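Not measured: the values here are computed from a predicted model.
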Amino acid sequence: MTTVTLAEAMAKLEELVDHLAPGETIVIVKDDKPVAQLSGAKAAKPQPVFGGCRDLVTIVADDEEHLASFDEALQ
């Protein structure tokens, strides 16, 4: 955990934010007492990509007879 004074934080806020790692915390002190805390946001979960599974499944042939058995099972 890093500690900076309020004056330092005000002067270097953009730099502090740019170098803040996910989950890292910076404590801001005034008169040697903690008054605020900067915390790095946790990394966002990756979003699925449309078509990302393309070519992972191969349909060998359309089998109407096989598909008919599903119709029977649903009734």
Side-chain angles (χ1 to χ4, degrees):
M1 180 169 31
T2 306
T3 303
V4 296
T5 65
L6 181 58
E8 282 180 293
M10 290 173 60
K12 299 180 180 181
L13 182 60
E14 187 172 355
E15 182 182 335
L16 291 172
V17 170
D18 287 344
H19 293 95
L20 195 59
E24 182 183 4
T25 301
I26 297 174
V27 175
I28 301 171
V29 296
K30 181 178 181 182
D31 299 326
D32 294 324
K33 295 179 184 172
V35 292
Q37 169 176 309
L38 258 172
S39 297
K42 295 181 181 176
K45 292 181 181 179
Q47 295 296 315
V49 177
F50 181 74
C53 293
R54 184 174 295 162
D55 299 327
L56 293 179
V57 175
T58 303
I59 298 175
V60 179
D62 287 331
D63 183 3
E64 295 298 326
E65 183 178 321
H66 180 72
L67 294 176
S69 67
F70 282 109
D71 288 336
E72 293 171 9
L74 294 174
Q75 295 179 15

What is the distance from atom OG1 of Thr5 to atom NZ of Lys30, rounded to the nearest 0.5 Å? 11.5 Å

Is it the case that one hydrophobic cluster holds both Met10 and Val27, taking links as side-chain heavy atoms less than 4.5 Å apart, direct or via other members? no

I'd like to know whether Leu13 forms a side chain to side chain contact (heavy atoms under 4.5 Å, CB included) with Leu38, so could you lay out the CA-CA distance, the side-chain angles of the two residues, the decisive distance to 0.1 Å, and finally the verdict. CA-CA 10 Å; Leu13 182 60; Leu38 258 172; 4.0 Å; yes

Connected via hydrophobic side-chain network under 4.5 Å: Val4 and Met1: no

Using side chain to side chain contact (heavy atoms under 4.5 Å, CB included) as the criterion, point out the one residue from Leu20, Ile26, Leu16, Thr25 that pairs with Thr2. Ile26

Let me confirm one number: the NZ-CD distance from Lys45 to Gln47, rounded to the nearest 0.5 Å. 9.5 Å

Taking atom CG of Asp31 as the centre, does the number of heavy atoms from other residues, nucleotides or ligands within less than 6.0 Å exceed 12? no

Is it true that atom CD of Glu14 has more than 12 heavy atoms of other residues, nucleotides or ligands lying nearer than 6.0 Å? no

Nearest 0.5 Å, please: how far is NZ in Lys12 from NE2 in His19? 11.0 Å

